[in-house]
Amino acid sequence: MPVTAAFDRPYDLASFSGAIAGIPVIAEPLQVRLKSRDFFWYSPLLKDALGDKQAELVVCPRDEADVVRVAAAAARFRVPITPRGGGTGNYGQAVPLAGGIVLDMTGLDAIERVEPGVIRVQAGAIMENIDTALRPAGWEQRMHPSTKRTATIGGFVAGGSGGIGSITYGGLRELGNVLAARIVTAEPEPRVLELRDADALAINHAYGTTGIITALEMPLAPLWPWLDLVVATDSFAQAVHLGYRAALADGIVKKLLTPLAWPVPGYFRHFKSEFPAGRSCLIAMIAEPSLASFKAVVAAEGGEITYCAPTPEGSGARPLYECTWNHTTLHALKVDRRITYLQALYPADRLEASVSEIATQFGEELEPHLEFIRFGGRVTASGLHLIHYSTPERLNEILALHEARGVSIANPHVFTLEDGTRHKRADADQLGFKHRVDPLGLLNPGKMRSFVPAGR
Ligand SMILES: Cc1cc2nc3c(=O)[nH]c(=O)nc-3n(C[C@H](O)[C@H](O)[C@H](O)COP(=O)(O)OP(=O)(O)OC[C@H]3O[C@@H](n4cnc5c(N)ncnc54)[C@H](O)[C@@H]3O)c2cc1C
């Protein structure tokens with residue numbers, strides 16, 4: 001997929017650098033290159049398209065005032081800005097397509113306040129650190145990606161979709177999962193806007209194209225003592241059925257239900273003893289008071305609990321959630337570089353039948369991996385199946401065959417919002433909002449394909 005030159009415009013980096021004097025920057029070429037990359041290489045197609053893309057300079061604001069200065073100078077000298085948190089995005093979201101600067105937001109990492117059920121935090125805070133700070137007060141984040149230990153909250157809201165916790169609270173796109181966002185606009189005289197409730201959807205999963213997020217207000221969940229569990233099953237269908245029963249059991253407090261078909265558990269080299277060879281499984285995170293009820297579901301459906309221990313925390317810990325969501329693909333890639341993946345949303349009204357159709361249609365070419373979630377108020381599943389890659393044509397055919405069976409695809413092999421986000425996208429006029437906050441098209445240019453800057 002060629003990167004078009006439509007957004008390639010001249011800019012004046014030397015004058016920009018002069019205008020932001022005093023704000024820390026990184027110009028060392030290897031560092032700039034590393035900070036221009038994310039996990040786009042999960043996709044063989046994006047690997048080819050984005051491998052040579054990078055910024056010219058990394059700018060590291062220390063506070064919101066620095067962000068405002070950078071935005072003003074960038075607008076004045078037409079310098080593209082690609083915001084960056086932990087750089088764990090998957091579709092080249094944080095890869096600059098038009099040079100310019102990477103704006104490293106990790107310096108803005110303060111927790112501004114914690115109130116019952118709400119946290120106000122700067123966008124560059126690492127999500128693991130947020131949970132650590134919340135724990136003494138008996139709260140935790142409603143959901144987090146499996147990259148919790150390296151991802152920032154700003155990167156999650158701008159680039160992620162959901163994860164551990166989404167079986168209870170749905171994805172980030174559901175109203176109420178982001179309470180407010182404070183953003184800086186990309187204009188010669190930047191504005192600082194507070195977007196509340198539905199208005200905050202404008203920056204949700206927009207890849208940083210609709211404002212630089214400096215702070216977020218996020219809703220919290222009560223802290224539970226979590227248990228990691230592996231339930232071995234005789235078939236993938238049994239793991240799905242068992243997971244579905246647990247997902248529908250409203251009284252069971254859970255955070256994660258992940259059915260995996262063998263051989264997927266075999267890719268977890270650090271977790272061998274937990275996953276019996278040759279067996280499909282369900283990975284679960286269950287609140288300790290709900291363990292007996294969960295065991296009753298397992299007994300009724302015929303699974304075997306092969307691992308049960310408190311979810312470990314802290315450095316060196318190996319929580320089982322790091323085998324789920326997009327970590328599953330990472331483990332597989334470490335074993336076989338030709339594996340890639342897809343992102344599917346199953347129809348809630350015929351979930352098990354639809355999963356079964358897909359799981360059997362592609363033979364060994366597709367290795368099934370599901371995540372149970374709530375979506376629009378209903379329990380369903382997201383499919384992050386592993387694909388044994390052969391050609392671009394076949395990959396696109398596999399995606400099309402899903403859609404033909406009524407399974408929605410958010411294509412992880414493209415870098416534009418319009419083509420990649422689909423069911424993950426918030427219900428908001430992000431294009432219209434972009435015209436108001438980034439009229440020159442300087443924020444992550446090329447990612448919002450439908451945007452054309454005024455005057456062009
Ligand atoms: C192994 C692995 C597992 C993953 N698991 C999950 C998962 O469970 N769920 C999930 O949703 N995603 C998952 N992801 C994707 C990614 O890790 C998450 O979306 C993560 O939250 C991104 O945070 P980050 O700080 O690394 O963002 P980055 O990658 O740095 O940025 C992501 C996007 O947000 C923009 N951005 C970053 N900060 C700001 C800001 N302050 N203002 C405006 N825009 C900003 C960037 O420009 C970019 O477009 C996974 C990725 C990997 C590699």
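Indexing begins at 1, ligand by ligand and atom by atom, following the structure's order. Here the structure is a predicted model, which is why all the values come from computation and not from measurement.
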Legend entry - Residues Glu189, Arg191: salt bridge by 4.0 Å N-O rule: no
Legend entry - Under 4.0 Å to a heavy atom of Gly208 - the qualifying atoms of ligand 1, by number: 43 (C), 44 (N)
Legend entry - is_close_aromatic(His413, Tyr91), centroid dist under 6.0 Å: no
Inset, instruction - May I ask you to list the atoms of ligand 1 that are less than 4.0 angstrom from any heavy atom of Gly87? - result: 24 (P), 26 (O), 28 (P), 29 (O), 30 (O)
Inset, instruction - Mind checking whether Ser161 contacts ligand 1 via backbone (N, CA, C, O), side chain (CB onward), both or neither, at a 4.0 Å heavy-atom cut-off? - result: both
Inset, instruction - Look at atom CH2 of Trp41 and say whether more than 12 heavy atoms of other residues, nucleotides or ligands are closer to it than 6.0 Å. - result: yes
Inset, instruction - Please could you name the atoms of ligand 1 that Asn444 approaches to less than 4.0 Å, counting only its heavy atoms? - result: 47 (O), 49 (O)
Legend entry - N or O contact, Phe39 vs ligand 1, cut-off under 3.5 Å: no
Inset, instruction - Indicate yes or no: does an N/O atom of Thr147 lie under 3.5 Å from an N/O atom of ligand 1? - result: yes
Inset, instruction - Could you tell me which atoms of ligand 1, counted from 1 in the order shown, lie closer than 4.0 angstrom to a heavy atom of Tyr42? - result: 1 (C), 2 (C), 52 (C), 53 (C)
Inset, instruction - Would you check whether Gly89 has a nitrogen or oxygen atom less than 3.5 angstrom from a nitrogen or oxygen atom of ligand 1? - result: yes
Inset, instruction - Decide whether an N or O pair under 3.5 Å exists between Thr88 and ligand 1. - result: yes
Inset, instruction - Decide whether an N or O pair under 3.5 Å exists between Arg84 and ligand 1. - result: no
Legend entry - Check: Val335 main-chain N/O paired with Arg269 side-chain donor or acceptor under 3.5 Å: no
Legend entry - Atoms of ligand 1 close to Asn90 [distance to a heavy atom under 4.0 angstrom, numbered from 1]: 14 (N), 15 (C), 50 (C), 51 (C), 52 (C), 53 (C)
Legend entry - Under-4.0 Å heavy-atom contact with ligand 1, by part of Met105 that carries it: side chain
Inset, instruction - In sequence, state the C-alpha distance, the side-chain angles, and the governing distance for Asn326 and Asn90, and then conclude on side-chain hydrogen bond (donor to acceptor under 3.5 Å, both in side chains). - result: CA-CA 9 Å; Asn326 269 348; Asn90 282 116; 2.7 Å; yes
Legend entry - Nitrogen or oxygen of Ile213 less than 3.5 angstrom from that of ligand 1: yes
Legend entry - Atoms in ligand 1 flagged as close to Ala123, the criterion being non-hydrogen separation under 4.0 Å: 41 (N)
Inset, instruction - Report yes if the side chains of Val70 and Phe16 come closer than 4.5 Å at any heavy-atom pair, otherwise no. - result: yes
Inset, instruction - Could you tell me whether Lys434 sits above the aromatic face of Phe451, with NZ or CZ closer than 6.0 angstrom to the six-membered ring centre and within 45 degrees of the axis? - result: yes
Legend entry - Proximity winner for atom 4 (C) of ligand 1, if only heavy atoms of Asn326, Leu330, Leu443 are counted: Asn326
Legend entry - Sub-3.5 Å N/O-N/O distance, Gly85 and ligand 1: yes
Legend entry - Sub-3.5 Å N/O-N/O distance, Gly86 and ligand 1: yes
Inset, instruction - Return yes when Gly211 approaches ligand 1 closer than 4.0 angstrom through a heavy atom, no otherwise. - result: yes
Inset, instruction - With heavy atoms under 4.0 Å as the rule, classify the contact between Tyr207 and ligand 1 as side chain, backbone, both or neither. - result: both
Legend entry - N or O pair under 3.5 Å between Gln93 and ligand 1: yes
Legend entry - From Pro412, Ala206, Pro145 - option closest to atom 6 (C) of ligand 1 by heavy atom: Pro145
Inset, instruction - For Gly160, take its heavy atoms, then give the atoms of ligand 1 lying under 4.0 Å from any of them. - result: 11 (O), 19 (O)
Inset, instruction - Using only heavy-atom distances, determine whether the side chains of His331 and Glu322 contain a donor-acceptor pair under 3.5 Å. - result: no
Legend entry - Glu313/Arg135 ion pair, N-O < 4.0 Å: yes
Inset, instruction - Using a 4.5 Å cut-off on heavy atoms from C-beta on, say whether the side chain of Phe236 contacts that of Pro259. - result: yes
Inset, instruction - Using distance alone, decide if ligand 1 has a nitrogen or oxygen within less than 3.5 Å of any nitrogen or oxygen in Ser146. - result: yes
Inset, instruction - Taking only Lys NZ, Arg NE, NH1 and NH2, and the carboxylate oxygens of Asp or Glu, determine whether Arg182 and Glu64 approach each other closer than 4.0 Å. - result: yes
Legend entry - Ligand-residue contact atoms, ligand 1 with Ala158, heavy atoms, under 4.0 Å: 34 (O), 35 (C), 36 (N), 44 (N), 45 (C)
Legend entry - Step-by-step side-chain hydrogen bond (donor to acceptor under 3.5 Å, both in side chains) determination, Ser382 to Glu371: CA-CA 5 Å; Ser382 173; Glu371 299 290 348; over 6 Å; no
Legend entry - Proximity of Tyr341 and Tyr42 rings by center, below 6.0 Å: yes
Inset, instruction - Let me see the working for Trp226 and Glu140 under side-chain hydrogen bond (donor to acceptor under 3.5 Å, both in side chains), right down to the final yes or no. - result: CA-CA 12 Å; Trp226 293 108; Glu140 63 180 12; 3.0 Å; yes
